[in-house]
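A short worksheet on the structure shown next.
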Amino acid sequence: MVTTTYQVQGMTCGHCVSAVSAEVGAIPGVDDVQVDLASGRVTVTSDNPLDTASVRAAVDEAGYDLVEE
């Protein structure tokens, strides 16, 4: 298992959390998605390391921006 934390910009409510969780959770190999609305951090647990482009595309599809760290 691999756990990676991403910073997502633009989330303001519970709907935002649900949208990001659903899109990122649909990436193949993702087992769990935890979103901290206050900090904008999204912690993803997956079978293998995820391609950042896949995570960015999922976050973009949900309507938010993945912040480069």
Side-chain angles (χ1 to χ4, degrees):
M1 290 298 201
V2 178
T3 301
T4 309
T5 301
Y6 301 94
Q7 186 70 34
V8 175
Q9 188 173 23
M11 298 185 298
T12 58
C13 64
H15 175 265
C16 303
V17 170
S18 297
V20 169
S21 295
E23 291 294 337
V24 174
I27 298 171
V30 170
D31 293 311
D32 186 51
V33 180
Q34 296 294 320
V35 179
D36 182 341
L37 180 60
S39 68
R41 296 208 181 277
V42 178
T43 303
V44 181
T45 304
S46 56
D47 296 332
N48 295 297
L50 297 175
D51 177 38
T52 302
S54 297
V55 177
R56 182 180 312 284
V59 170
D60 185 59
E61 184 67 28
Y64 307 97
D65 296 311
L66 187 67
V67 179
E68 289 294 325
E69 296 201 3

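Scope of the values below: all heavy atoms of this structure, side chains included, with no hydrogens, waters or symmetry mates.
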Nearest heavy-atom pair of [X] and [Y]: which atoms, and what distance?
| X | Y | result |
| --- | --- | --- |
| Val2 | Asp47 | CG2-O, 4.3 Å |
| Leu66 | Thr52 | CD2-CG2, 4.0 Å |
| Ser46 | Leu50 | OG-CG, 3.7 Å |

* Asked: Say you draw a straight line from CG of Asp65 to CD of Gln7; how long is it, rounded to the nearest 0.5 Å?
  ->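 If I round to the nearest 0.5 Å, the distance is 11.5 Å.
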Output side-chain donor-acceptor pairs under 3.5 Å for residues 14-26, partner residues at least two apart or in another chain, one line each.
from  : atom 1 : to    : atom 2 : distance (Å)
Ser18 : OG     : Gly14 : O      : 3.2
Ser21 : OG     : Val17 : O      : 2.8

* Asked: Within a strict 4.5 Å, meaning less than it, do heavy atoms of the Val44 and Tyr6 side chains meet?
  ->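 Yes, close enough: below the 4.5 Å cut-off.
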* Asked: Can you tell if the side chain of Val42 reaches within under 4.5 Å of the side chain of Val33, non-hydrogen atoms only?
  ->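 Answer yes - side chains close enough.
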* **All pairs passing side chain to side chain donor-acceptor pair (under 3.5 Å) where residues 25-35 contributes a residue, at least two apart** =>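 Every side chain to side chain donor-acceptor pair (under 3.5 Å) pair that includes a residue of residues 25-35, provided the two are not neighbours, is Asp32-Gln34.
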* Set of side-chain hydrogen bond (donor to acceptor under 3.5 Å, both in side chains) partners for Thr4, sequence neighbours left out ->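 Once residues adjacent in sequence are excluded, Thr4 has no partner under the side-chain hydrogen bond (donor to acceptor under 3.5 Å, both in side chains) criterion.
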* **Pairing residues for Thr43 by the side-chain hydrogen bond (donor to acceptor under 3.5 Å, both in side chains) criterion, not counting sequence neighbours** =>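 Listed in chain order: Thr5.
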* Please name all residues satisfying side-chain contact (heavy atoms from CB on, under 4.5 Å) with Asp60, sequence neighbours left out, ordered by chain then number. =>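 Listed in chain order: nothing, the list is empty.
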* Quick one: list whatever passes side-chain contact (heavy atoms from CB on, under 4.5 Å) with Asp51, sequence neighbours left out. =>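 For Asp51, the residues satisfying side-chain contact (heavy atoms from CB on, under 4.5 Å) (neighbours in sequence not counted) are Ala53, Ser54.
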